[in-house]
There are 2 protein chains.
Amino acid sequence: MLNQTTSNAAEKNWQDRNPGRVLPAKSVLYHQGDEAAHFYRVNSGIVMIYRLLEDSKRQITGFCTAGDFFGLSPDENYHETAVTVGTSNVAGFTMNDVSRDPELQRELFTRTCDRLEDAQNMMMTLSKKSAGEKVAAFLVMLVKRQKRRAGESEESFDIRLPMSRLDIADYLGLTIETVSRRLTILKTEGIIELPSRHTARVCRLNRLESLAGALA
Amino acid sequence: MLNQTTSNAAEKNWQDRNPGRVLPAKSVLYHQGDEAAHFYRVNSGIVMIYRLLEDSKRQITGFCTAGDFFGLSPDENYHETAVTVGTSNVAGFTMNDVSRDPELQRELFTRTCDRLEDAQNMMMTLSKKSAGEKVAAFLVMLVKRQKRRAGESEESFDIRLPMSRLDIADYLGLTIETVSRRLTILKTEGIIELPSRHTARVCRLNRLESLAGALA
DNA sequence: CGTGAGATTGATGCAAGTCAACGACCGTGG
DNA sequence: CCACGGTCGTTGACTTGCATCAATCTCACG
């Protein structure tokens, strides 16, 4: 329905027109409540988007990776906070840039639709999946994302977990304890290994996928 | 950031250009998996959007009311099902219509951003709120939506609940029993009355709002 | 090497799900 | 018009998965 331009030429193109700037880990792009002046695109790295409730409960609404846009606001202020997880390259835009650039406009719209799609899938995950399914699905997502860049086709994958356990918990709607427990269960069953705090090795991807639960 | 055209003139305009067609309750606009040929706008009534998992768990991702767009797909097929809840007027569009009509294009984009916003708020609700908070928040949402049309300023409001208890449950990520129990608790505490299955009278709106839990 | 934040592991409690029975309403047909 | 059947909703008893509370562990950094 929305024919995306996925050619390499187009991808190069958007980066060239706005090379962005490099930010160290944990840089805040904007805070919830700030005046919404720009929106952004991730050129490389990961940016974490979250919302805080008054009682300081936090929901991470997404981890944005290369190509994802974030920071659009329906009104004058941001409704969320954006922070880099690792070192990242991020380009800023204004709505003026968009009106000048039909290509950017198309890209922005399709990406926004994709994010809506993701958000709605996440609604399913958050409300219908068990803790075990959530953690498995999270790991599968990371494999899928990181496979793109590496492009290998083995049966086991080393994936990076640049975010803390608390971040994972706040993304999946769980507690750190539950995330930890589910990870050790997966380790015990030989489905993954945990060489270090921020690395996981998926040994049985298909087992993991089946544990991730039913799909749409 | 996205300056919406909320003038009455503009609203009249979009309806005139595509008057849509009237559908009875429970009409299916499209099924999950169907080829995605059109997208739609609600002119009047309510359209319910949901996703089904293979194991038949269902998540209602939204109740669309006048002005809302739905049925955009990131690829060739719909990822969700759309059904009218009550009698509704719905207009169909294609991406060609969009490229021909800059006004529609703008409207579609801002509405899509709004829906993304809603979806992300819903993620918070689904994962961080208790059953009581969810039900209260749901009722408050209905009051807000239905107040727009009526425009009165009393302290108690009759609201219609055109959807079934199961629909409410699948929207909030609860069971019918829990929804029912929370409603009777609210009734017992004199915050609402339930004159009929599909009507609720909110007596203490501010009490209800405080029960709906913390906001962003 | 310490030291402290982050991660794991264990013991216990509770909110919501599940299972089951009953009640109320609505449309249909006698 | 009312009696009936079936769907939808309510209420109650019980179960359970995850949160909570509380140690302990570990490893990244000075």
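Note on naming: letters A, B, ... go to the chains in the order of the sequence lines (proteins, then strands), and numbering restarts at 1 for each one.
In this structure, the separation between OG on B:Ser210 and CD on B:Glu133 is 10.0 Å, given to the nearest 0.5 Å. To the nearest 0.5 Å, the span separating CD on A:Glu209 from NZ on A:Lys144 amounts to 5.0 Å. From B:Tyr171, atom OH reaches atom CG of B:Leu126 across 8.5 Å, with rounding to the nearest 0.5 Å. The distance from atom SG of A:Cys113 to atom CG of B:Asp75, rounded to the nearest 0.5 Å, is 11.5 Å.
For A:Arg182, whose side chain is taken as the heavy atoms from C-beta onward, the closest listed nucleotide among D:dC18, D:dT10, D:dG9 is D:dC18. Set against C:dT8, C:dG17, C:dT9, the side chain of B:Thr178 has C:dG17 as its closest nucleotide. When distances run from any side-chain atom of A:Ser164 to the nucleotides D:dT20, C:dA7, D:dT10, the shortest one goes to C:dA7. Of the candidate nucleotides D:dC18, C:dA7, D:dT11, C:dA7 has the atom nearest to the side chain of A:Ser180. Distances were taken from every side-chain heavy atom of B:Arg197 (C-beta onward) to each of D:dG9, D:dT26, C:dA16; the shortest belongs to D:dG9. Of the candidates C:dG17, D:dT11, C:dG10, D:dT11 carries the atom nearest the B:Glu177 side chain, counting heavy atoms from C-beta on.
For A:His31, the NE2 atom counts as loosely surrounded, since its 6.0 Å shell holds 12 or fewer non-hydrogen atoms of other residues, nucleotides or ligands.
Judged by distance alone, the side chain of A:Thr84 and the main-chain N or O of A:Lys26 form a donor-acceptor pair under 3.5 Å. Side-chain atoms of B:Glu193 do not come within 3.5 Å of backbone N or O of B:Cys203 as any donor-acceptor pair.
Note: CG (A:Leu194) to C1' (D:dC25) measures 15 Å, nearest angstrom. Atom NE2 in B:His198 sits about 12 Å away from atom C1' in C:dA24, given to the nearest Å. At whole-Å resolution of the value, CG in B:Leu183 and C1' in D:dT11 are 13 Å apart. In this structure, B:Met163 places its CE atom 15 Å from P of D:dC8, rounding to the nearest Å.
Side-chain nitrogen and oxygen atoms of B:Thr184 include at least one within less than 4.0 Å of the OP1 or OP2 phosphate oxygen of D:dT11.
Looking at residues 165-176 of chain A, you'll see A:Gly173, A:Leu174, A:Thr175 sit with a heavy atom under 4.0 Å from some atom of DNA chain D.
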Taking only nitrogen or oxygen atoms into account, show me every contact under 3.5 Å that the protein makes with nucleotides 4-6 of chain D, one pair per line with its distance.
none

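For the pair A:Lys129 and A:Ser196, nearest-nucleotide mapping onto DNA chain D gives the more 5' position to A:Lys129.
Taking 3.5 Å as the limit, the base of D:dG12 and the side chain of B:Arg181 contain a donor-acceptor pair of atoms between them.
For the pair A:Arg111 and A:Asp118, the salt-bridge criterion is not met [side-chain N within less than 4.0 Å of a carboxylate O].
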Counting only pairs under 3.5 Å, give me each side-chain donor-acceptor contact of residues 179-186 of chain B, with atom names and distances, residues two or more places apart or in other chains.
unit_1   : atom_1 : unit_2   : atom_2 : d
B:Thr184 : OG1    : B:Ser180 : O      : 3.2
B:Thr184 : OG1    : B:Arg181 : O      : 2.7

